[in-house]
Amino acid sequence: MIPLLDLKRQYAVLGPEIEERVCAVLRSGGYVLGRPVEAFEEAFARYCGTREAIAVNTGTSALHLALLALGIGPGDEVITVPTTFVATVAAILYAGARPVLVDVDPRTLTMDPARIEAAITPRTKAIMPVHFHGRLADMEGILAVARAHGLRVVEDAAQAHGAERGGLRAGAFGDIGCFSFYPGKNLGAAGEGGAVATNDPDLAARVRQLRDWGQSERYVHTMKGFNFRMDAIQGAVLGVKLPHLDGWNAARRRVANAYEAGLADGLVRAAGPFGADHVCHVYALETADRPGLMAALAAAGVGCGIHYPVPVHLQPAYADLGYGAGSFPIAERYATRTLSLPIFPEMTDEEIGRVIEAVNAHVAPEAAPEAKEFAL
Ligand SMILES: *Cc1c(COP(=O)(O)O)cnc(C)c1O
């Protein structure tokens, strides 16, 4: 069986170093924040190319605190996309603001800057693009709209640590960037974790204060904050892993490019190209026959996933956003057709070849007449 993702292979390489650092934390008696977390924050800010990085307990908390630090709350609107994990939209609701959705660009599956202007109202405060599947959104286009309308930009970079364009990395384009270190992300903790990155010292100070109960000093609560602190063990684990991230991203790109070169045209549409601005968190093709392809992959012992089967606005819990079926045709169509193939840095050539063979064996015979399905 070739799994969608195998975290054990990474641990097999880094295990001894991680165990040494984690045991040092256990022996130290300091289990929350502290030096291991500070050291990771410094290293992660350097990695992102931002002045500061602040570690928190989850990526969702990073998004939530980024909005609060910008002063966004009840009565405000934040523009984002339906093609994302629900956390993006949930964080806007946690801040008390209203999520306003715009459809994605069918070629990149990220926010289409041409659709933003029509969604802006006098209440709009921020734009929250998502670097979906690890591909940087069109930040140049999004920032141009934001500047023209005086809006703040919060990047959901939970899937895109290290994606880079024009000398800037994910999280460094907008006012504030938000990351998740959930174990399956490109940089993953041994549990939950998240961070925000920013060049703005005031925003950084507010996020730091909000993550630790709004304290300006011990037992002086000048803001209504939260307990969103990172554990010292996660700081230690992430500190060991960060120096490997660029190598892992390159290894993911190699898998994606091999898929791109090897998959037959026809009933599937591939997802490339994969340059520096795509860190291949997910490799998702589009197929007109998803159930058939899933059955064929299962029979061939190849794992797969769907990211994500239902766009946020059609999830039952978010029906009250007020968008029905048909509101975002590109997002909705994509959700019915997307299928994610196994991708992780340690995949072998043999495994990559078996995945390609399994997909091609299913799609090749009837391919040609259906190819026009994927005309944009
Ligand atoms: C994973 C993810 C989040 C949430 O991160 P958690 O650490 O799970 O809270 C937010 N947005 C996107 C796009 C994600 O993929």
Side-chain angles (χ1 to χ4, degrees), residues 48-50 59 62-64 66-67 69-72 76-85 87-89 91-92 95 97-180 196-200 203 271 273-279 281 311-313 321 323 327-331 334 376:
C48 294
T50 54
L63 292 163
H64 181 181
L67 293 168
L70 286 166
I72 290 165
D76 297 334
E77 293 176 357
V78 177
I79 297 173
T80 189
V81 288
T83 300
T84 185
F85 184 61
T88 315
V89 170
I92 297 169
R98 176 166 173 257
V100 172
L101 307 183
V102 295
D103 214 343
V104 292
D105 181 326
R107 286 159 303 193
T108 62
L109 303 169
T110 60
M111 182 179 277
D112 182 348
R115 296 177 190 273
I116 300 172
E117 227 138 38
I120 294 174
T121 76
R123 287 184 290 277
T124 308
K125 289 292 182 326
I127 307 174
M128 193 186 269
V130 180
H131 304 313
F132 194 59
H133 289 175
R135 186 198 304 273
L136 274 183
D138 178 356
M139 293 311 296
E140 298 76 6
I142 292 164
L143 287 166
V145 179
R147 281 194 204 103
H149 294 269
L151 303 175
R152 313 303 292 265
V153 175
V154 180
E155 296 173 63
D156 183 340
Q159 302 187 355
H161 325 62
E164 184 174 341
R165 193 159 58 225
L168 283 181
R169 277 188 164 159
F173 287 85
D175 292 283
I176 191 160
C178 304
F179 295 86
S180 166
V196 308
T198 182
N199 285 312
D200 181 332
L203 283 179
F274 305 98
D277 69 348
H278 201 320
V279 291
H281 173 60
V312 179
H313 67 289
L321 295 180
Y323 301 106
S327 300
F328 306 107
I330 298 163
Y334 182 74
L376 291 171

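Quick caveat, the model's predicted, so the values are computed rather than measured.
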Go through the steps for Val104 and Phe132 under the test side chain to side chain contact (heavy atoms under 4.5 Å, CB included), then give the verdict.
CA-CA 10 Å; Val104 292; Phe132 194 59; over 6 Å; no

- Yes or no on side chain to side chain contact (heavy atoms under 4.5 Å, CB included) for Lys125 and Leu70, after CA distance, side-chain angles and deciding distance? CA-CA 9 Å; Lys125 289 292 182 326; Leu70 286 166; over 6 Å; no

* Asked: Can you check side chain to side chain contact (heavy atoms under 4.5 Å, CB included) on Thr110 and Val81, steps first, answer last?
  -> CA-CA 8 Å; Thr110 60; Val81 288; over 6 Å; no

Kindly indicate, with the supporting measurements, whether the criterion side chain to side chain contact (heavy atoms under 4.5 Å, CB included) is fulfilled by Phe173 and Val153. CA-CA 8 Å; Phe173 287 85; Val153 175; over 6 Å; no

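Closest of all the heavy-atom pairs between Ala119 and Val102 is CB-CG1, 3.5 Å. Considering all non-hydrogen atoms of both residues, His131 and Ala160 come closest at CB-CB, 3.4 Å. Closest of all the heavy-atom pairs between Pro99 and Val89 is CG-CG1, 3.8 Å. In plain terms, the two heavy atoms of Leu101 and Pro82 that are nearest each other are CD1-CB, 4.0 Å. Of all heavy-atom pairs between Pro129 and Ala137, the closest is CB-CB, 4.1 Å. Nearest heavy-atom pair across Cys48 and Phe179 is SG-CZ, 3.8 Å.
Under a 3.5 Å cut-off, the side chain of His161 and the backbone N or O of Ser180 do form a donor-acceptor pair. Side-chain N or O atoms of Thr80 include one that pairs as donor or acceptor with a backbone N or O of Met128 at under 3.5 Å. Side chain of Asp103 to backbone of Ala331: a donor-acceptor contact under 3.5 angstrom is found.
Taking the six-membered ring where the residue is Trp, Phe328 and His313 present perpendicular rings, their angle passing 60° and hence far from 30°.
Atom-to-atom distance recorded for Arg135:CZ and Asp277:CG is 7.0 Å, nearest 0.5 angstrom. Once rounded to the nearest 0.5 Å, the distance linking CD1 of Ile127 with CG of Asp175 reads 10.0 Å. To the nearest 0.5 angstrom, Asp105 atom CG is 12.0 Å from Met111 atom CE. Rounding to the nearest 0.5 Å places CD of Glu155 at 10.0 Å from OG1 of Thr198. The distance from atom CD of Gln159 to atom NE2 of His278, rounded to the nearest 0.5 Å, is 9.5 Å. Within the model, atoms CG of Leu63 and CD1 of Ile176 stand 9.5 Å from one another, a figure rounded to the nearest 0.5 Å.
You'll find the side chain of Ile142 stays beyond 4.5 Å of the side chain of Glu140, heavy atoms only. A heavy-atom distance below 4.5 Å is found between the side chains of Val78 and Leu67. Residues Arg98 and Thr121 form no side-chain contact, since every pair of their non-hydrogen atoms from C-beta on lies 4.5 Å or further apart.
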